[in-house]
Structure formats: structure tokens, C-alpha cells
Amino acid sequence: KTNNTGSTNNTGGTTTQPAGQTDTGNASGEGKEKILRLGNISSPTGKFNPLYANDDYTAYINNLIFQSLVTVDANANLQPGLAEKWEVSEDSKTITFHLFQNIKWTDGEPFTAEDVQFTLEFMSDKNYTGLNSTYVQQIVGFDEVHNQTAEHLSGINVIDEYTIAITTKEVYASFYEKIGRGVGIIAKHVWEGVPLAEVEQRTELLQNPIGTGPFKLQEYKADQYTTLVKNPDYYEGTPKIDKIIIQVVNPDTAQAQLLNNELDMIRVESLNPDDIKIYEDAGFEVKSNLLNAYQHMVINFNDPILSNKDFRQAMAYAINREGIVASLLYGYGNVANTIYTKEFFAYPGDDAINDYAYNPEKAIEILSTKAGYEYKDGTLYKDGNPVKLTLIYPSGNKAREGAATVIQQNFKEIGIDLKLELVEFATLTSILQERKDDNFQLALLGNGFGADADVAQNVGTGGSNNHSQYSNTKVDELLVEGLTSLDNDTRAPIYKEIATILNDELPVIYLYNWERFTIVNPKVKNVNVTTYSFYEGVETWDIVE
Amino acid sequence: MSDTILKVENLVTKFKSSGKTVTAINGVDFSIERGKVLGIVGESGCGKSVTSLSIMGLLDRKRTEISGNINYQGDNLLQYNDKQMQKIRGNRISMIFQEPMTALNPIFTIGFQLKEVLALHKGIKNKKEAKQISLEMLQQVGIPRPEKVLEEYPHQLSGGMRQRVMIAMSLLCNPELLIADEPTTALDVTIQAQVLELITGLKNQFNMGVLFITHDLGVIAEMADEVLVMYAGKVVEQAPVQELFDNPLHPYTRGLLSSRAVLFHKGEKLHCIPGKVPGLTDMPIGCAFHPRCNSVCDECRAKVPELKEVSHRHFVRCFPVQKGDLGYGI
Amino acid sequence: MEYKQAEEKPLLEVAGLKKYFPIYKGILAKKTGDIKAVDDISFHIRKGEILGLVGESGCGKSTAGRTILNLLEPTGGKVTFEGEVLYDVEKKQKITANRMRQMRKDMQIVFQDPYASLDPRMNIGTILTEGVLKHKLYQKKEALDKAKELLEICGLSASAVHKYPHEFSGGQRQRIGIARALALNPKLIVGDELIAALDVSIQSQILTLFQEMIEKFSLTTLFISHDLSVVRYFCDRICVMYLGSVVEIGTSEQLFSQPLHPYTQALLSAIPKTSPKDNKDRIILTGEVPTAANPPKGCKFHTRCQYATKRCKQEVPQAIEAEPGHVVNCHLVEKRTGADYL
Amino acid sequence: MAEKKQQENGTSLFKVGMKRLKKDKLAVFGLTVIIIFTLAAIFAPFIAKYDPAVQDLLNTYQPPSKEHWLGTDELGRDVFTRLLYGGRVSLSVGLISTGISALFGVFLGAAAGYFGKAVDGIIMRITDIFMCFPFYVIAITVAAIWGSGIWNIMLISGFLNWTNICRIVRAEVLSLRQREYIEAAKALGMNDFEIILKHILPNTFALVIVYSTLGIAKGILSEAGLSYLGLGVTPPQASWGNMLAAAQSLRTLSLYWWLWIPAGTAVFITILSINFFGDGLRDAFDAKMN
Amino acid sequence: MKQYIIKRLLVLIPVFIGISIIIFALIHSAPGDPYAYMVESGLPIEEKEIQLQKIGYYDSLPIKYIKWVGNVFQGNLGYSIRYAEPVATVIGRRIGNTALLSITSLVVSSILSIFLGIIAAVKKKTVTDYIISVLSLIGISLPTFFLALGLIKILSIDLNVLPVSGIETTGANYTGWKRAVDIFKHMFLPFLVITCTQTASMVRYTRSAMLEVLGQDYIRTARAKGLAGRVVINLHAFRNTLIPITTLIAMSLGNLLSGTVLIETVFVWPGMGNLLYQAVSNRDYPLIVSGTLFLSICTLLANLLADILYGIIDPRIRYN
Ligand SMILES: Nc1ncnc2c1ncn2[C@@H]1O[C@H](COP(=O)(O)OP(=O)(O)OP(=O)(O)O)[C@@H](O)[C@H]1O
Ligand SMILES: Nc1ncnc2c1ncn2[C@@H]1O[C@H](COP(=O)(O)OP(=O)(O)OP(=O)(O)O)[C@@H](O)[C@H]1O
Ligand SMILES: [Mg+2]
Ligand SMILES: [Mg+2]
């Protein structure tokens, strides 16, 4: 069931119940404070500014404190965020956001359009050292602000206190994803006076964030825990939970902590049926979401062997991806054959693509008939030389680590000697980013993306995540075309075509999509984790002992 | 005789190690009198130190087996338990050792190590009093600038000084008996002369008995009133010092006396005792000295001779001598 | 023992020999002074002569012996062996390392400690043939035969070549040490306290053996000992050291009949009696015993000398030949020469 | 008869030590275990029925059975097989890393001790520097930066652990240098090189062996520790360390005992045996007891 | 004494320089460039160049080193990339936790191992001695993380008497005495693991040190004075044994401060080991360099402390 409906309504979303003083907070509740304890495998960095945090663990906290203009629901449909509604101009280049009028920063200041303007201009500045400046590059006037020849983005028009219009240079298809959903709005009155170059050194400000979200930071202890308390003034209603403590746990022992009631909820990358049984026997709820992400094998296109498409297809046939999903993921996931997951609106449909079902014979056949290889006595030869390849893969993900050895064994079956090299994640990324011809041949990596279909960074020529250095003019053209509309209905066919091409060309070998688990103590109610948001409706979460 | 301080009878000391038992001393008898020096001579390993340590009860009880009788004031010291022995050690019977360089605890001051004895045996806890007594004692043993020495650590003193401190320590409680186990072996001749003089002087002053152990016949000649010659864990000859030097009877004693380097003359052959001292584990049958003896008879090879008085106060453990087979002696 | 006039050249000549060991202190290892182990000594040994070097522990006898053999780097002085200068520090003259190694064949040493002077991991055969093979005196097999021969001469069985040092007693080890030195057929042999570590009954064995060897191989010998009584009849001449310096040299007879230096006198009187009947007047030394690291100024012995004068505290006494061949370093002797002092 | 023979051939200190060692029951036990494990590792291909890397994704987490004596792991690989091959890796990591550190340690220690003065000063300062390095921190940094293959682990362990042997050898050489037999060798006309080679090094040998033995244990433990942090020998190559590390989750600890008990026991028994043996060696060859 | 310490400190300087050079070279010779992590990856090439230039990426290694040392001397250890805080602050926050854990363990294990070591030495070759020796061998033969996980399984999961990880119960907000108890509970497991391994290795040392002392002549002298066996051991023997042991303890302190990477990781103990492991995984180079340097200096100082203590306890050195 692909999901490309809705979400393009220009004035989306329903106005949720106004955040009156519905509850006098916990003052009445002489009873116990409702505390939710979450596990986080690594410590947040203390950069509680959404424009600077570039790791999951900090984002995990920032997402409770900061908000963006829009959000998406479980099906990637746009939903109001800070903006109540929005309209798109004729030429699709200008979007006008109408902000909720009753939102306050947690220090009591009102939230206004100026904060949005400030945030976007903040990101445009040359001295902004966060990683997201590309999000706002499309806004008119970006270059001037970036080079400090202009103070304000000319593409931004603050119409009134609660209305702001943003104009992009071209039609910017990723607008909602990047600007609407991707930018957490920060408070102008807090950051105004701070020279941009010094932001990352303003520990005091970074660690006492002022946001608009449902929770406020109370205490941050690096490498131990972060405590957040509810924001009673949250415009969508005072959260029912009084406090969230996100604590650093050792993934090896987190399970024990959950069962020992030292934690209420954890997010786990992989589980096996035995684990699930343990949890379920103990009465825990195990939720899973297919992530909008895929694991793949990066292929160095500068390598003479690997640049051959037949060879790549043969590799895809040779790898027992079904087996990987069944055994390493215990079935919690599916084989990936192109860049999008089956649930995504841009997925071209099973019929439109080749499923490269595990078939080593076929792989050998392709190699020997089409690609000019010779398969003899269990070894594959090219011009009389046995074929040898090296696969580097990062540590840290057990399933992926296992996949590497499966691939090694599968390659052996088609006569390829595959050498494995385990490296640390950071090492791998630095190798891939070097973009050299010969510093790697094959590499395993995961890649995730948000609710938008644009994959230019992944498969476009010179894209920052295009580690294979794949280049295809047709794909490049389609990628540009895909950006010219804000309407996913219009865009869908374009991206489907891209997906089909990728399925055939295999710039990377797509391996699998996987599910992420959330294990929840039954006393925590109303948890509804979606593919796009962990804290969906967090203000309604409750704890009932 | 009321002058007898200690009477040792048939002392046998055995060491047990990993199931085996070796006999280090095998039937030693002697007695020590007040104001007299009993010297024990013998080569390395013949059991001199073990004899003294057995008397002091300083051997590891678990690893040794001591039998016989060490008669002290009518009691057998071997029957004493640890507590009773502790009362006697360092108090009634004290001991000084061969190695003055290592016999003092390096991390305590001389003063502390002296005071400890006073507190222990005399109950003198008063610092001033203890210091006073210590000072006097140091002066007695001829230590220059004793006040300073009290504050010093052993490594700051020379060997001779340390040995004097040891002597001072052993005399603090006016012991009846001083056991000196090769007290001068590690010292230079000039220092040795000083120490020997000192011991003689103090012995006379305090009227102690002294058990003086050495392997140097010259020192014996100088110090002893009565001499015990030991060989392989047994006394082979016992006599007053003059008698021993004038009229040595046992072939071993004779050998020892005539092989002294002092007597070496250029161009002449020095007398030698051939062979070497047997180890505890390869003790010959019969007289332990017989393999090295030049007047050995059949009996010597078969039986262990008894220690017999062959002339007045002159005892010897040798068949040929006892039978008068040798051309000298008696 | 009569004193022979020096006609032929001495085999070994030692002039103004000095050996200081630097004292380093602190972690910076700053040199803060010297242990003057050997401080300006001179003597000579004629061919076939036995010179005794006596003195108390730590007075620098061993150091002198080693420095003469160039086993320790000299601090000063000159040593001539068979007319060839081994080194002359003042003239910055030094024999080459190669030549020195060649010459080692002719000058050997036997050490004090029989337990430490044999490499525990080598068997006796190897120990004895090592030097012979190094100097290519014999082939391997011959060398071993020669070693066995030597062992027998030294009173050990030939089968000992297969054994290891720990299987021998101290006396036997000392014999091996002597055999090792003799294996090279040297001209000069330094015996460093050969018997100090041995049992009384063994001492005489070793001493006898050593003397036999000296006669047999007609060796020139520097015999180091701390015991005056031992060297008395063993040596032709005796050299008495105190704290790194020579205080008196003379023939044994001269020294024993007319000791001139107060230290020699004290040393002689400290020898224990040989019999209880002996009646001796003891000179008991008093006073502080100085160390080589901090020797007293002037005459080094003055702190313990009962005759010490003001001059002794300030001025280093020069060598005075009191009678032919009898040299003494003492101010007192200078003042009242010869007989009237005695 | 036997006695006579012995007398003729003499008994070197080595033989004496061996004799003493033979009496030490724990040491003999240790040595036996080490030999058995080493043989098992060497002959792994003949003992094991499976290939250590071959996976059977349909048969993961199988408890021990007739086919799989110690069950299978998360990829269906035979645990017993991996244990044998893991022994190869772990033992060689221990051995080679110790070899490296012993080589460095002996060389530098001997040079420092024998030549003294400036050479000694410089070498000792370098030793100080290396002694101050926090082992695991440097090890993980290097492993992370340069990758963590088996060779890298050996090198890291080797380069960070030579200081101990260096200091011990230096101290020993310093005292050996004072021994009279060294001087005797000099007096015989031997040169420095011959003296070091024939007299000094052989006499440090026992000490080096003892400390190296204990170093092997340290090497194996370091590999296991680094594996726990994901920086040990890289899979699919099996080492005891990474087998243990793979089983670190509590789920594995409670549900799949065959994934960690055998590997854990293998490490434990090996280290224990090495320690027993090393201790025995030390007692048997200790210079003071000779 | 003062002079001695000053001298010792002076000698540390070349060692310190050596350490810093090696660490610096180590990090900077890493393949891939550490600076890549300091610069936004999505930037256009030219911008990146400018930024790289600015951080000093193009300086030669010696220049980089000199710049860095200059900063260090101004008390500026650098800025942690990951934590966006001065490295000194980050380290400052952790070192206390590490010190708490390691010093407590060290104190307890020292007392324990001295006690056991002395018993083993006094009862040499008895059953007691063998038991202690074998136990200590077992202790040093267990991989620490393994022991840690085993203890967690038994004490935290099966018996559920101790918390699994962390330093205090989050959210409980205990204060005063209660907080101390809470921290103690959390600390107990890591403390137990460190103490076990530390004791195991120290016992062997104490035992042999004690044995050596017991064989000395002055012990015999003490007994010859008539002192009771207890006094001989507790005063004369023990004081002398203390000399090598104190050195050992002080040196262990240096090791412990950094040697707990594994244990801190297992127990999520917010200390130096854990921090540096995180820093390494996140390639937080300024933090790695300064953290490692800091720990090395701690070790260096601990060794210095050992030397000084040695000098204080042992009069033979004191008066030299
Ligand atoms: N604790 C012990 N265990 C086993 N044997 C011992 C022990 N103490 C001494 N012996 C043995 O007892 C014998 C006598 O030793 P003792 O120390 O009495 O000799 P000594 O005559 O004092 O020799 P020295 O002149 O060398 O001091 C020696 O053979 C020695 O090996
Ligand atoms: N290698 C060395 N380093 C420093 N000092 C030394 C060294 N060798 C000897 N000394 C010192 O030199 C002085 C003379 O020592 P030497 O061994 O020559 O004396 P000795 O007369 O042979 O004494 P002994 O009778 O004890 O053998 C002593 O104070 C000693 O401490
Ligand atoms: Mg003795
Ligand atoms: Mg000497």
C-alpha cells in the first residue's frame, strides 16, 4: 500500500484543541510524579540547539524541546507544526505560513514570525558552523546573507507577527522536508546577540535551551542522563507526563534494566524472537516501524570490474538477501531492490522492478555469458586471473556485520574471493568521503532519508552521499525535474522512473529495509511511534501504574 | 656449680623439608659459665649457627625438630612456649650476628630499636629514661657522638659502628649470656681488634657468659677460655683453649691448626686437609671426618666414635686417639 | 728475603695510577663528587716477583688490580707492561683496543668470589677454552684436551669439563678460576683475594695450589689480600694501601720487622694471635673511619692515627725511601728518620 | 649408573630448573593444557568438521547437538570449530605480540644496561614515556584509526607492552655487568659484542622467558578486551575475544550459554595455565634460588 | 625533600614532551583527516578550503604541534567537537567519577591484598597460601568485561539486588545521605570488578615482597630481641614490606585512572575511560589528544608520587 495521497493540501491539518489551562498541572496531583525513563545508547552532546546537533542522540532530546513549521504523520502526510496552515503561490515558489498565535517560548516570550526569520537567516550565515545550511540555500537572498552583503534574506517576508512568506529561487520540491520539517526554530531573543562563530562555545546557552516544544530541559548530565520536564504552556495541551528522563545505557544491559524496571522504554535496532518472547512474557509491548532507510553495498564505480553493470547485477543475484532478512533480521524487514521502501509513495511497485531473487547460478551465467568471466572449479576468472574483491564495513550494527560475512560466503559460491575489513564507522565514512579511485572497492553502509523523495545526494552526480560516484545523465535530469513541483502526485512518476532505473543500474546493491523496535512498559500509555517521529503525540502519553 | 648459666645436653636439630629430614646438629653437649667465654670453631656449615639459633629458639618450629635438653635455671628451654622464650630472648640471653650490615632494621632509627628492647623487657616506656639508658649503653660500647647516633638510621653507620650498636642492644638488659655468632667475620682486622677488645671488656664488666662462635682459630686463641671444635654437626674435640692449641688431638683439629695461612712460609708446603666438608645429605657412614683423615682405621669407617674425656677436661671424638694409636697426644 | 737491585726492567710498572668513580646524585644524575677508589699509586713488579697488595676492605685493592689490567677505564696515571705502555692518561696515550685484547693473553686475573666469577650457564669446558679459542692458541679439540690437563693439574678430574659451575664447591670453583687464568699461559697474574671467601681448610689448599702454579709457570704475580698474615711469607714484597693510597712498600721482611707507617703497625698488631700464649700489645685504632667518597685532607690516615700532628691534617705526605726498597708515606718518618723512630 | 652418566655430562642450570619445574604440579598442569590447546589450534582443520566461516542461516542459535558439539552461533556457524580456530588467533596474538615486545624489550634493555650513560638515559626516558601511556586508550585510538585486524592488534599489544621486559632486562644486565665472570671474559680478551652475546643475553634468557610467558596472557586478555569494544580481531575470523564479545548481550548470556561459556572457559583456562606455568618457571629458574 | 621534588618535576618535562609528541603524531598521522570532522561535510569545496585553512589543516605537523602546545600552556586544551565545550570542562566533569571509583577500589584492594599477601607469606606453603595464590591467579585470568557481565547477570538480573549501570538512580533526585547510598549501590558492581582484579594482581606482589622481608637478617634480630611474632610481623616486617608496596599502589593509581575503559563502558560509568572511548568512536580529536595527554600526565604524576613516597618511607633514600 503505497502512500502518496494527501499531504499536499496547501492548507493542511486540523487545528487541535487550544491549549487552555486544561490542567492545573501536577499541583493538584499530590500523587506521584509521572516520570518516563527512556534509554539512549549514547550520550547527547549537550548541543541543545537543533541547528547544531548532528547526531541522533541529541536530536532525540531536541525533538522534545524544539519544533519545526510543519510535521508529518505516519503516512508522510503534512501536519501543522508551529504553523497552523500555509498556502502556496501560483508559481509554487512562495509559501506563506500562518503561525499559531498562542505559542510561547518556555521563558515566557511569545513565539513570532521573527523567530522563524531569524532562524533561517542564522543558518544562511557564512559563520554558521552547523551542518544544515544546505537546507536554506534555495531561499532567495541566501547568497547575499551568506557572504554578509545583506542582513536579511530578501526571500523572506514577515507579513505580520504571525505570518511569514518564504520565497525560493526555483520551485523547491524539498521545501516541506528541509525548511518546513527540517529546521527546528530557535528563539531570536535568545540567540540574537551571539556572534555566529561563537555559538558552539556558548555552553551556557546551548545547555539551557529555550524552545516551544512539549518539554523543557531541566538537567543535563553528559554521559549520564538528561531530564526534561513538561512545558505546562505547551500549545497543544499540557503533557500528561511530568518528566522524561533520557538516560545513557549500555545496549548489552539495557534489556536487563527494562526488565528490572530501571527503564520504561527503549529503542532497539534489532531484536530476535527470543528477545521478543522475553519482553512479551514480561508483559512489555514491542512496537516496530519499518524505517525509511536501507542498507546497501556501496560500489566504487572507478573500479574496472565493478563499473560493469552485468557484474553488479550478478552480485545482486548472488547475495542471499532473503536469507539475510530471514536470519539476521529474523524477518523484521524486507529485501530492498531499489532506493525507496515499499511503503513510500515513490516506490514503483513490485512489478515494475526486478527482484534479483537469490540465484547464484544465474549470477554465474550472467558473468560468463555477458561479462566475459570464466567460472572454473569454483573460481571466477577474468582474463585468466581469479577475481578478488575487498569489502569494508563498519562496526556497530550486528545485522550488518553479519551480512558482510554472508556476502563473503555468497561470493565464494560464485567463485569470488571476498576479503572483509571491519573498520570503525567514522573511519569508513572518512574513506568514502575521500572519493578516491582505489581506496575501496565495496563497502556496506546504511542510509536513511526523511519524508521527501529527493535522492539527488544519493544518486545524483557528485551527490554528497553518492559514495559509489555513480553518474547517469538520465537520472540527473529526472532528479532536477522532480524538484520542479511541490506536489507529490506530480512528482511520483518521476521518482518511480528513477527508482526503476536504479533497480536496473544498481549504483549500489540494495540489501534490505529494516524495522526498528520500541519496547514499552505497559504502564506507559498512548505511545504511537511512527516511521517519521518517535514522539508522535508525546503530550498525550501517559503513565498509569 | 652455681656458675653455670646454661647446660646443653645432647642437642639434636633436624630440618624437615619436602618430606625429607636432615640432621644439622647431632648431639652437642656443653655448658657455659659466668664470666667465661666458650668458643665454638668449625668450618662453614658445620652447625655453629644452628646450635646458637636452637638455643635461642629462633628456628622455625614447624620446619625443625629439636631434641635434647637446654637447661637454663633448672628449666629445659626447649619446653618453653613462644611467650616464655620471648621473655628470655634479648633479656637473659642475647645474641649478636655475623652481618652487622643487615642485622639492623633499615627503616627504624637506632634509638627506636634500642628503646624497643627496654620497653619490652624492662617496661621502660618513659622516653627520657629510655634515651638516657640507651645513651649510656652506646657510650659504653665506645660509640662517638651517641646522641646523634640515636637519631640516625643504620645505613648511616659504618660496619664497625653497627656491630657496636648490635652489641649495645644485646647488653641493654644485662644478660647472663651473650651469644656472639661470628661477630667479626665481616669486619676488617683493625675493626675486629676493636670489637674483640670491647666484648672482652664488657664480659668482664658485666660478668656474663659468652658463647663465641667463629671459624677463625686466631680469634679463638684470643677470646676463648674453653673451645669446642665442631665438624659436620658434631663436637669432635673440646678442651681449654691453651690445651687445645698446645695439644690438639683430633686429626681435624690438628689439620685446622696446621693449615692456617698465618703459618704459611714461602718455599714450604702448607699443610692441607684434603677433600671437603660433607653436605648434610651425603654424610659418610662412621666418623664423618674419616674420608679426609690420614689416620683412619677400620672402626672409623663403621662406627661413629663417642666424645670421650681423654685427659683432664679434654674431650675428643676419635677412635685412634682414644685408643692411643696415634703417635702424639695424651 | 733480600732486596735485589733493579737491573732488568720491571715487567709491570704502575705510575701515579688513579681511578675515581663519579658519584651521581638525584635524577638529573648530576655528578656531585668522586669516590677516589685509587688515588695516585705507584709501584712496579719485576719478572718472577710476587707483590702483595694489602689493605682493609674498600681501600681500593681490587679497583687497582682491575685498572692496571685496563678492565676499568683509568682516571689518571700510566701503566707499562713489558715495556709497552698500556695507557698514559696524562699524555693521552692509549693502546688500541685490538692490541689490548691481544695482550690480555699475557695478563690474567683470578677473582675473589668463586661463586660470581664463573658464568653459570656455561660448562667448565667452555669456560676454560673460551679464551684459548679466542686467541687461537689451539684448535677446539686440542683446547679441550689442554683444559682437561689443566683441571688435573689443579686437582680436579678431567670429566669436570662437562659439568656446570653450580655443581662444584667454592674451593673447586676457585681452582677452575685459576685454571681459566692459566689456560692462556700468561706472564702476569693478578690474584684478587683468592681465599677470602673460602673455608679455613680449603684456604690452605688453594694457597698451596696457587703457589705451585706460580712456580710451575714462573708467573709474575700481583697478590691482593686483606690479610697481612697471609701475604707475609707468600710475597716477596708487600704494598700496603689505605683509602686509595699506598702508605708503605717494602719487602715482607722489612715490613714485618720494621713497619714504619702507623697504619701498617696497627694492621700488624691487629692480626689475631696464633696461639693463646702469644702476648701482644694491641694498637687499638680509634676515631672515625673515613670513606673513599669523602677522604680526609692531608694524610688520609690522620683521623685514626694516634701520632697525628697538625701537619698531617693539611699536607699530603710524600713517598720517602727510608731504606733501600722500603718506601713509606708518612710525615713522622720524615721528621725522625730511620732508626730513631723505630 | 644413571648417576655416573649425569656426572659425566653435567647438569646445566637449565636442566636443574627443568627438574624443579617437573616437580611443580601446577606448572606441569599449565604446560599440559597449553600444549593441548596449541595442538588443537594447530590441527584445527583436522579436528573440526566444519569451516569456521561457513554460515548456515537456517540453523542459527542451535544448542549443542551431535552435529554441532557446541551448537551454532547467530550465523549458524559451528561454535566448536570456531573455538578451535579462535584458539589459533588468540594464541598467535598472544605469542606474536609478546614476541614483538620481548624483541624490543630485550634489545633496548640490554643496550641500556650494558652501555649505560647516555644510551641508558635516552632509552629509560623512552620507557618512561611508554609506561605513562594509558594502554586501553591508546590501543582503542590506534585500533580505531588504523583499523583493527589481527596484525594491528599484535602490533599494538607488542608496541605498548615492551617496557616491562625492557626494565627487567636492563636491571638484570646492570647487575650482570657487575658480575665477575663478565669481567673475566673481558680479561680473556672478549669484545663487547661477544660478551653480550655469550654471557649477558643467555643469562637474561630465563627472566625473559618467564616474563614473556606472562606477557602472552596479557596479550590474549588485551585482544579479548579490545574485541569487547568492537576493536579486536575482525570477524569472520574467529578469536576467543570476538566470540566472547559477540555474546556480550544479556540475552545471550541467559539464553545461549554455548556461545559464551566455551569461549570464556577457553580464555580463562588458557590464561590460568599460562600463569601457572609462568609462575612455575619463575620459581624454577629464579636466580636467587640457584 | 622540596628540592628533590622540584628536581623530579624538572625531569618530567622531557618525558612530558615526549608523550605529547607521540600522542600528537599518532593522531595526526591517522589516515583520513581529523579535520574533516570539524568542517561541515555538505559545504562547497572552496568554502571547505577556507575553513580548513582557518583551523590550520594545511600547517605542517611541527607547526601544528607548536600551536597546540602553545595553547595547552595557556590552559587551552582545545574544544571538544562532540560536546561543544572546552576539553578541560569535559574532562573535569568525568575525572571525579573515575577518581571516586578507582581510588575507592584502590584503597580497598590495597588493604585487602596487603592483608592477604601477608597471610600468604607468613603461612608460606600451607593450604591457606595455596588457596590465596590460586584465587589470585584465577582473578588475573578472567577477562574483566566478562567478569563484569557475569556479575551483572547474577547480582542485577537474577537476584536483582543491585542496579545494572549508571552512577545514580536517575530521576530519584536523592540528596545528602540517601544520594550517597544510591551512588554506592551503583558503584558497587564496577567497584567489585576492579577490586577483584586489582587485588588479585597485587596479592602476588605483596606476598613476594613480604617473603623477601621475612628472609632478612633484621627480622631474625627482632625476634632475637624477644619481640613477639605478631610485633615482628606487624611492625618490623610490615613496615619494610610497605616500601615496595607503596610504590606499587601509587603506580596502580595511574593505571587505574585510565585502565578502566572496559569497566566504565560495561557499567556506563561516566568517567574518563568511557569518555575517551566515546571520543574515539566519535573522532573527537581534540578530546582524544588532550584526554590521553591528561591521563598520561596523571600516570606520570602517580609515578612521581610513588618515587616521593618511596623516599619518605625509606630512610636509606631520604638521606641520600
Ligand atoms: N633453615 C634450614 N633448613 C635446612 N637446612 C639448614 C637450615 N639452616 C641451616 N641448615 C643447614 O644446617 C647446616 C649447618 O648450618 P649452620 O648455619 O649452622 O652452619 P655454620 O656453622 O653456622 O656455617 P657458617 O660458618 O657458614 O655460618 C648447614 O649444612 C645448613 O645447610
Ligand atoms: N663500580 C664501582 N662504582 C662505584 N664505586 C665503586 C665501584 N667499584 C668499587 N667502588 C668503590 O671503590 C672503593 C674501593 O673498592 P674496591 O673493591 O677496590 O676495594 P677493595 O679494597 O677491593 O675491598 P674488598 O676487600 O672489600 O674487596 C670502595 O669504596 C667501593 O665502594
Ligand atoms: Mg653461621
Ligand atoms: Mg676487592
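Protein chains get the first letters and strands the later ones, always in sequence-line order, with residue 1 at the start of each.
Counting heavy-atom pairs under 4.5 Å between each of A:Asn250, A:Asn439, A:Asn465 and chain E puts A:Asn250 at the top. Chain E forms the most heavy-atom pairs under 4.5 Å with one residue out of A:Gln207, A:Gln257, A:Gln255, and that residue is A:Gln257.
When heavy atoms are compared at a cutoff of 4.5 Å, A:Val249 approaches chain E solely by way of its backbone atoms N, CA, C and O. Contacts between E:Val266 and chain A at a heavy-atom distance below 4.5 Å involve backbone atoms as well as side-chain atoms. Interface remark: A:Gln218 contributes no atoms to any contact with chain E (heavy atom separation under 4.5 Å). Within the 4.5 angstrom heavy-atom criterion, atoms from both the backbone and the side chain of E:Ser281 approach chain A. For chain E, no part of A:Ile431 is nearby; none of its heavy atoms comes within less than 4.5 Å. With a 4.5 angstrom heavy-atom cutoff, A:Ser43 touches chain E via backbone and side-chain atoms both.
In this structure, the ring-ring contact (aromatic ring centres under 6.0 Å, His included) partners of A:Tyr220, at least two apart in sequence or on a different chain, are A:Phe48. E:Phe146 pairs by the ring-ring contact (aromatic ring centres under 6.0 Å, His included) definition with D:Trp260, not counting sequence neighbours.
Between A:Thr203 and E:Thr89 there is no side-chain heavy-atom pair separated by less than 4.5 Å.
Listed here is the closest heavy atom pair of A:Thr253 and E:Val164: CB-CG1, 3.3 Å. When all heavy atoms of E:Ile167 and A:Gln224 are compared, the pair lying nearest together is CG2-OE1, 2.7 Å. Nearest heavy-atom pair, E:Pro270 versus A:Ala222, reported as atom, atom and distance to 0.1 Å: CB-O, 4.5 Å. Closest approach of E:Ser165 and A:Glu262 over heavy atoms only: N-OE1, 4.4 Å.
Scanning residues 153-161 of chain E against chain A with a 4.5 Å non-hydrogen threshold yields E:Ser156, E:Ile157, E:Asn160, sorted by number.
For residues 90-103 of chain E, every residue pair satisfying the salt bridge (charged side-chain N to carboxylate O under 4.0 Å, His left out) rule, not counting sequence neighbours, is listed here: A:Asp223-E:Arg94, E:Glu85-E:Arg93.
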